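Okay, structure first, notes after.
Lettering follows sequence order; numbering is per chain, from 1. Every value quoted in this text rests on a predicted model; they were computed, and no experiment measured them.
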There are 2 protein chains.
Amino acid sequence: MTQTQPSSGFQQIDREGLVQRVAKLLSKAIVSGKLAPGARLSESVVARELGVSRAPVREAARLLESSGLVRSEPNRGFFVRQVSIKALNDLYELRLAIETAVVERLVQNWNDEIEEALSAQVAELHRVATEEADIFTQVEADMQFHRLMCTGSDNPKFLQVFEQVAIETEFSIMLIGQLYDDPTRIAETHEPILEALRARDATKAVSAIRYHISEAQRIVIDQFRLLEEGKTST
Amino acid sequence: MTQTQPSSGFQQIDREGLVQRVAKLLSKAIVSGKLAPGARLSESVVARELGVSRAPVREAARLLESSGLVRSEPNRGFFVRQVSIKALNDLYELRLAIETAVVERLVQNWNDEIEEALSAQVAELHRVATEEADIFTQVEADMQFHRLMCTGSDNPKFLQVFEQVAIETEFSIMLIGQLYDDPTRIAETHEPILEALRARDATKAVSAIRYHISEAQRIVIDQFRLLEEGKTST
DNA sequence: GAATTGTAGATTGTCGACAATTTACTTGAC
DNA sequence: GTCAAGTAAATTGTCGACAATCTACAATTC
């Protein structure tokens, strides 16, 4: 039983392994562009940089490999995968396939708990759009909505796949966020999905999510193309 | 340029790392039931058993973790996941979502090369059904057909997800294979898919794959339920 | 001068050992 | 007898070191 202590007011201390922390740090460095795409990431350099041994770095790299952020070549090490226009396209195709299936299941096992969670998350999306300016918080909130949908689908495998592409997804949402002048626009795009789910209308929900993802796809690709053109011309 | 030497007749030698081999061995041990579901898999025991150090075992376990065959608890180690009826159901739901999207793309970028590969694989399915009795070879051939479809979809992420659930998929096909009295039946169930793809009929192809997977799902669940009942009664 | 072979440096792959943590058992108090 | 605390064995987490492999460059041959 995972009963929490009666309001001891203590926060859970750093109960995640070194491997996870290294992986998080690495992925942040990659999506933020600190590590150039295609660059070899040397185990010893990373290990020295973070002040740990090479073993946890290797395991973290293998973790990131399965989420597609780095690729490994035997006896040659790990390399940073580059996000290409095609890769982003492929990512959204995958998300379309997964999340379509997710909303279909969500309509089936819709209940108050899920409704509560998703509604609250849309509210949160509006809140962070108005109160806070931090783009990263907004991206996190957007991700969380989709994560909640996957969780609610009651199929852990959907969530698992989502988490695997989560980092790239996060990266792409960041691109979207930079495009919209009005941050509340992000929040609004999620409402039709929630509405269709509330009505338990499978057809409507599917087309809502398809529209949502396709629009995001279009925006991300456009934005990314601009970003690349700017890079090559400078 | 990856130009092959002019027919030197040499075969590529075992160019995969120790980690991959350990992972393959472990996964085989799990799906074959040698390692009981829920059992803790001790690093030192596995390492000693295979005659290697613990480091490659740990990395292999982490690899298997991302394919959902084992789960890890911090400071407690790795445990083999149990395949439940629900897990199999979930697996097939995921495959349905993925492979539906795959055939949709396959219809779009259909070409002679893909047609050749898939046709050959169906022929291979027939061959192993008649000539050889080895169930494992048949399962491998079945898997390969679906893998080829994912490859042909030209979206690496689909293939990636497929490979992740590959081991469980293999396990489930094994169950199907044991059910059919006539092994050629497996080969035949793949023909409607290929036909629809050849005709480049998206609607037909989607319903063919949906039928194929749903039937497989039904059979696997039934077979697995029998297996479990037999276990509890003995 | 171009291509091949040889060699030195660097990097990954694997290992055995020690530290940190968990687990199972024993001991003791009530 | 039950519960708690303490303790020892076992297991995982991390590390530094050595072996295997790759990369880059120099030397040699044609």
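Listed by chain and residue number, A:Arg58, A:Arg62 satisfy the salt bridge (Lys or Arg N to Asp or Glu O under 4.0 Å) test with B:Glu59 (two or more places apart in sequence, or in another chain).
Of the charged side-chain nitrogens involved, at least one lies within less than 4.0 Å of a carboxylate oxygen, so that A:Lys157 and B:Glu168 count as a salt-bridged pair.
To the nearest 0.5 Å, the span separating CZ on B:Arg81 from CG on B:Leu35 amounts to 15.5 Å.
Of the possible donor and acceptor atoms, none in the side chain of A:Asp90 sits under 3.5 Å from a partner among the backbone N and O of B:Asn155.
At a threshold of 4.5 Å between non-hydrogen side-chain atoms, the residues A:Glu163 and A:Arg147 count as touching.
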Could you go through nucleotides 13-18 of chain C and list every protein N or O atom that sits under 3.5 Å from one of its N or O atoms, giving the distance for each pair?
residue, atom, partner, partner atom, Å
C:dG13, OP1, A:Asn75, N, 3.0
C:dG13, OP2, A:Arg58, NH1, 2.4
C:dG13, OP2, A:Arg58, NH2, 3.2
C:dG13, N7, A:Arg54, NH2, 2.9
C:dG13, O6, A:Arg54, NH1, 3.2
C:dT14, OP1, B:Leu18, N, 3.3
C:dC15, OP2, B:Ser53, N, 2.6

